[in-house]
Amino acid sequence: MNINHHLDDATLVSYSAGALSQGMALVVASHLSVCPQCRQRAEINDAVGGVLLESLESETVSDDMLASILTQLDDLPAETHSAVSGLTRKTIDPEIPAPLREYIDCSLDQLEWKRIVPGVTYYDMPWEGRGVSRLLRIAPGKAMLAHTHNGNELTMVLRGSFSDEVGHFRRGDVADLDDQIEHQPLVDSEVDCICLIATDAPLRFTTLFGKLVQPITGF
Amino acid sequence: MKNRPPGEDVDNIVQLNQAEMASSDWSDLLGSLAVKPDKHIYARLFNHFAPKVKAYIVRLGVALSAAEELTQEVMLSVWRKAHMYHPEKAAASTWIFTLARNQSIDWMRKQKYPQYSLDEWSETASESGQGEQEVLSDRVARAISQLPEKQSQVIYMSYFEGRSHGDIASRLDIPLGSVKSRIRLASEKLKQIWGGEEYEY
Ligand SMILES: [Zn+2]
């Protein structure tokens, strides 16, 4: 996969730190699953976590925890490689990045897309919380309204392509933007453009959910 | 020795060795556990890492009693998943950190933290050998301690408190953009050290 747009360092640090919302982490993990370059950066950030873990002042652990674990170990067979590969034997749709397959067990076309306006449909990820987390499907030639972001917004292209002020985004590319940027993405592929998007608008905006989503998705 | 509870004898082994263990030895130990399950080796790893894991979980904001339970779960998974550990790809502390992070998030959110390789280390990991990983860990540790306070602060708030950029921004009362640029600056320095650039003694 020829990837031209990558994740911001600040986003990768937060991912490794475990500080991203569920939706943002899903976009990051999806991009990492196809991008060796970002994966290498993520591994450095994980190692920073390891160093920080070592640096912590130890917390007392109860005396019998080890004993209790040791007695459990006999009844607890170590996971085997075959058990793991059993999971991956599911039919694999190469269009869906591995982390996203956890939540989607059909093809992108078989999803129950909900219409916002003609040419724009979406499919929500099965959780609530901070910000938006959904698949967005936009027809060729359609543009989204110019918008700024409240906080960070991550967009990964799964099918088709779009262009905006920042550049041309194709399959695997990720647009990692914050509220400094105003942009107007235009779908320039012959097929629908399908993106996985997430925002990290904090909880206090949830009552404005509709208003927040509208400028992002509305045509 | 035969009649004592399982933890006790291994406890003594640990006390003998704890002082002289360098960080690379922990990766060696975990690496040997990956090849062959061994309770004595596991106990040594437990005694070193369980108190750190608990400290991490407590700092994330989990109540003490739950932190105890969660620490036990994390340490159990060290045993269960040990066969997936590759010492040439990551230090033991890195691997255990990711287990602790993922399980803490799963516990706090009741949602699985999305991972890019499902419990498997990617094939493209940095090619540095194990010894090198450890030297890097030591360098990174020093580098973190040398970061300007404004930068180390956002790193700590991210890793130890699990705070998002927006959350850090409102806590410190600075713009979102400043949080991100501080994290980027810190990350840039740590990456340079990792890549071996601009680092000389
Ligand atoms: Zn990338």
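Here is how names work: the chains are called A, B, and so on, in the same order as the sequence lines, proteins then strands, and each is numbered from 1.
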Electrostatic pair D124(A):R134(A) at N-O distance under 4.0 angstrom
yes
Between Y113(B) and Y15(A), is the ring centroid distance below 6.0 Å?
yes
Taking every non-hydrogen atom, the tightest pair across P51(B) and H48(B):
CD-O, 3.6 Å
Would the W127(A) and Y103(A) ring centres measure less than 6.0 Å apart?
yes
Check for a donor-acceptor pair, side chain of Q22(A) on one end and backbone N or O of K112(B) on the other, with a separation under 3.5 Å.
yes
Which pair of non-hydrogen atoms, one from S104(B) and one from I57(B), has the smallest distance, and what is that distance?
OG-CG1, 3.6 Å
Based on non-hydrogen pairs under 4.5 Å, which of V13(A), L52(A), L32(A) is most in contact with chain B?
L52(A)
With a 4.5 angstrom heavy-atom cut-off, could you sort out which part of E54(A) is near chain B: side chain, backbone, both or neither?
both
For chain A, which candidate among Y159(B), Y56(B), F49(B), F46(B) shows the most heavy-atom pairs at distances under 4.5 Å?
Y159(B)
Counting C-beta onward and ignoring hydrogens, is there a side-chain heavy-atom pair between Q72(A) and Q72(B) closer than 4.5 Å?
yes
Between Q111(B), M157(B), R182(B), which residue shows the highest count of heavy-atom pairs closer than 4.5 Å to chain A?
Q111(B)
Toward chain A, the part of R59(B) with a non-hydrogen atom under 4.5 Å:
side chain
Most contacts with chain B, counted as non-hydrogen pairs under 4.5 angstrom, among L100(A), L26(A), I69(A), V28(A):
I69(A)
Which residue out of D63(A), D9(A), T11(A) racks up the most heavy-atom pairs below 4.5 Å with chain B?
D9(A)
Among S30(A), S55(A), G49(A), S62(A), single out the residue with the greatest number of heavy-atom pairs under 4.5 Å to chain B.
G49(A)
Which atoms of L60(B) come close to chain A, meaning under 4.5 Å heavy atom to heavy atom: side chain ones, backbone ones, both, or neither?
neither
